[in-house]
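Report on one structure; see the data block that follows.
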Amino acid sequence: MARFDPYENNGGTCVAVAGADYCVVAADTRLSVGYSILSRAHSKIAHLADKCVLASSGFQGDIKALQKNLTAKELVYEHNHNKKMSCPAMAQLLSNTLYYKRFFPYYAFNVLGGLDSEGKGCVFTYDAVGSYERTGYSAQGTGATLMMPVLDNQLKSPSPLLLPARDAVTPLSESEAVDLVKDVFASATERDIYTGDSVEIVVINSSGTHRECIELRKD
């Protein structure tokens with residue numbers, strides 16, 4: 001007798017890097033189950049609020065439900081307060097939404113990136129039940145264990161225990177951060193069968209949001 005399992009990991013990897021006045025959020029476009037590729041052009045990135053982008057890996061059914069929930073709550077916030085929700089506010093809303101479902105959680109591992117009220121880049125990383133922290137960079141998904149050592153080596157985020165506290169933003173320029181993201185995806189694609197096809201890169205800065213797509217390995 002087959003055991004019922006409501007969850008399925010559709011693979012993929014998400015990365016975000018925060019700079020002094022920008023944020024880069026990227027995710028691959030492969031949607032797969034086991035050794036089967038269901039789609040080579042599936043976006044894992046959602047624009048939730050003004051200068052706020054969510055990238056998610058995990059079970060795509062739960063991810064779509066979560067994105068729909070957050071979009072509806074952001075719209076209610078906009079009507080009630082007559083302004084767009086800020087990225088830190090959306091980060092708290094996402095944490096609350098995930099924690100509310102902690103007994104039957106959304107099987108989604110999220111990275112939220114954007115600009116805060118001061119125009120600085122911010123990255124928030126989550127587990128499946130809503131625990132989160134603000135960091136200078138993060139990776140989630142099947143290729144995260146391959147990417148994080150490279151990001152740690154190149155970006156060297158200061159310890160949160162240091163006093164006085166230091167900004168977690170990275171010292172790289174916007175173009176250098178984009179090049180680093182391309183490099184880590186090209187590297188992870190060589191080792192992770194669930195990451196590949198192409199990478200969608202979204203850059204958020206004071207002038208708006210820019211998107212580009214780069215081809216990766218197809219096998």
Side-chain angles (χ1 to χ4, degrees), residues 6-10 12-19 21-29 31 39 41-135 137-141 169 199-213:
Y7 294 123
E8 185 173 73
N9 192 344
N10 296 121
T13 310
C14 310
V15 170
V17 177
D21 57 356
Y22 69 87
C23 186
V24 180
V25 181
D28 73 299
T29 60
L31 182 68
S39 174
H42 180 82
S43 176
K44 298 180 177 72
I45 295 177
H47 293 260
L48 293 181
D50 189 33
K51 295 178 180 175
C52 180
V53 172
L54 175 67
S56 306
S57 176
F59 176 41
Q60 290 300 313
D62 278 357
I63 290 169
K64 290 301 180 186
L66 176 62
Q67 291 173 353
K68 185 176 180 181
N69 190 346
L70 294 173
T71 301
K73 289 178 178 176
E74 197 281 330
L75 185 61
V76 171
Y77 178 95
E78 188 176 344
H79 287 318
N80 288 341
H81 299 277
N82 203 27
K83 65 177 181 180
K84 293 278 189 180
M85 187 177 286
S86 68
C87 192
M90 179 59 75
Q92 184 65 61
L93 174 62
L94 175 55
S95 175
N96 294 348
T97 303
L98 292 171
Y99 188 71
Y100 178 76
K101 284 270 290 178
R102 65 192 180 279
F103 297 116
F104 189 14
Y106 291 113
Y107 191 41
F109 301 92
N110 304 284
V111 177
L112 186 75
L115 301 182
D116 63 16
S117 57
E118 298 176 357
K120 292 181 180 178
C122 53
V123 170
F124 299 89
T125 184
Y126 295 78
D127 68 4
V129 292
S131 296
Y132 79 112
E133 66 173 332
R134 181 171 177 171
T135 62
Y137 56 90
S138 181
Q140 292 277 18
V169 297
V199 55
E200 182 183 8
I201 302 173
V202 176
V203 180
I204 308 109
N205 52 35
S206 57
S207 61
T209 302
H210 169 69
R211 177 187 176 275
E212 64 174 313
C213 212

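All heavy atoms count here, side chains included; hydrogens, waters and symmetry mates do not. Here the structure is a predicted model, which is why all the values come from computation and not from measurement.
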Nearest-0.5 Å distance, [atom1] of residue [X] to [atom2] of residue [Y]:
X: I45; Y: L54; atom1: CD1; atom2: CG; answer: 9.0 Å
X: Y132; Y: T125; atom1: OH; atom2: OG1; answer: 12.0 Å
X: N69; Y: L93; atom1: CG; atom2: CG; answer: 7.5 Å

Partner residues of [X] under the side chain to side chain donor-acceptor pair (under 3.5 Å) criterion, sequence neighbours left out:
X: S95; result: none
X: T209; result: none
X: S207; result: N205
X: T97; result: K73

Side-chain (D28) to main-chain (T13) donor-acceptor, under 3.5 angstrom = yes
Heavy-atom donor-acceptor pair, Y126 side chain to A91 backbone, under 3.5 Å =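 Yes; judged by distance alone, with no hydrogens or angles, the pair exists.
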Going by atom type alone, with no hydrogens or angles, which donor-acceptor pairs under 3.5 Å involve a side-chain atom of residues 74-84 and a protein atom two or more places apart or on another chain?
from : atom 1 : to  : atom 2 : distance (Å)
E74  : OE2    : M85 : N      : 3.4
N80  : ND2    : V76 : O      : 3.4

Looking only at heavy atoms, what is the nearest atom pair of [X] and [Y], with distance?
X: K101; Y: Y106; value: CG-CE1, 3.7 Å
X: L112; Y: C87; value: CD2-O, 3.9 Å
X: A139; Y: V15; value: CB-CG2, 3.9 Å
X: L115; Y: C23; value: CD2-N, 4.3 Å
X: G58; Y: I63; value: N-CD1, 3.8 Å
X: F104; Y: P6; value: CE1-CG, 4.0 Å

Who pairs with R211 by salt bridge (Lys or Arg N to Asp or Glu O under 4.0 Å), at least two apart in sequence or on another chain?
-> E200
Using the test salt bridge (Lys or Arg N to Asp or Glu O under 4.0 Å), find all partners of D116 that sit at least two apart in sequence or belong to another chain.
->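 Counting only residues at least two positions away or on another chain, D116 forms a salt bridge (Lys or Arg N to Asp or Glu O under 4.0 Å) with R134.
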Hey, are the side chains of L94 and L66 touching, using non-hydrogen atoms and a 4.5 Å cut-off?
-> yes
Within-4.5 Å side-chain heavy-atom neighbours: Q60 and E8 = no
Using ring-ring contact (aromatic ring centres under 6.0 Å, His included) as the criterion, list what pairs up with F103, not counting sequence neighbours.
->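 For F103 there are no ring-ring contact (aromatic ring centres under 6.0 Å, His included) partners, ignoring immediate neighbours.
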Do any pairs count as a side chain to side chain donor-acceptor pair (under 3.5 Å) and have a residue in residues 47-58, sequence neighbours left out, and if so which ones?
-> S56-N110
With sequence neighbours left out, write down each residue that passes side-chain contact (heavy atoms from CB on, under 4.5 Å) with [X], or none if nothing qualifies.
X: D127; result: V129, S131
X: A26; result: V181, F185, V199, I201
X: F109; result: Y107, A128, Q140

Other residues, nucleotides, ligands: >12 heavy atoms within 6.0 Å of Y7 OH |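 Yes, the 6.0 Å shell around OH holds more than 12 heavy atoms from other groups.
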Intermediate values then yes/no, side chain to side chain contact (heavy atoms under 4.5 Å, CB included), Y22 and I204 | CA-CA 6 Å; Y22 69 87; I204 308 109; over 6 Å; no
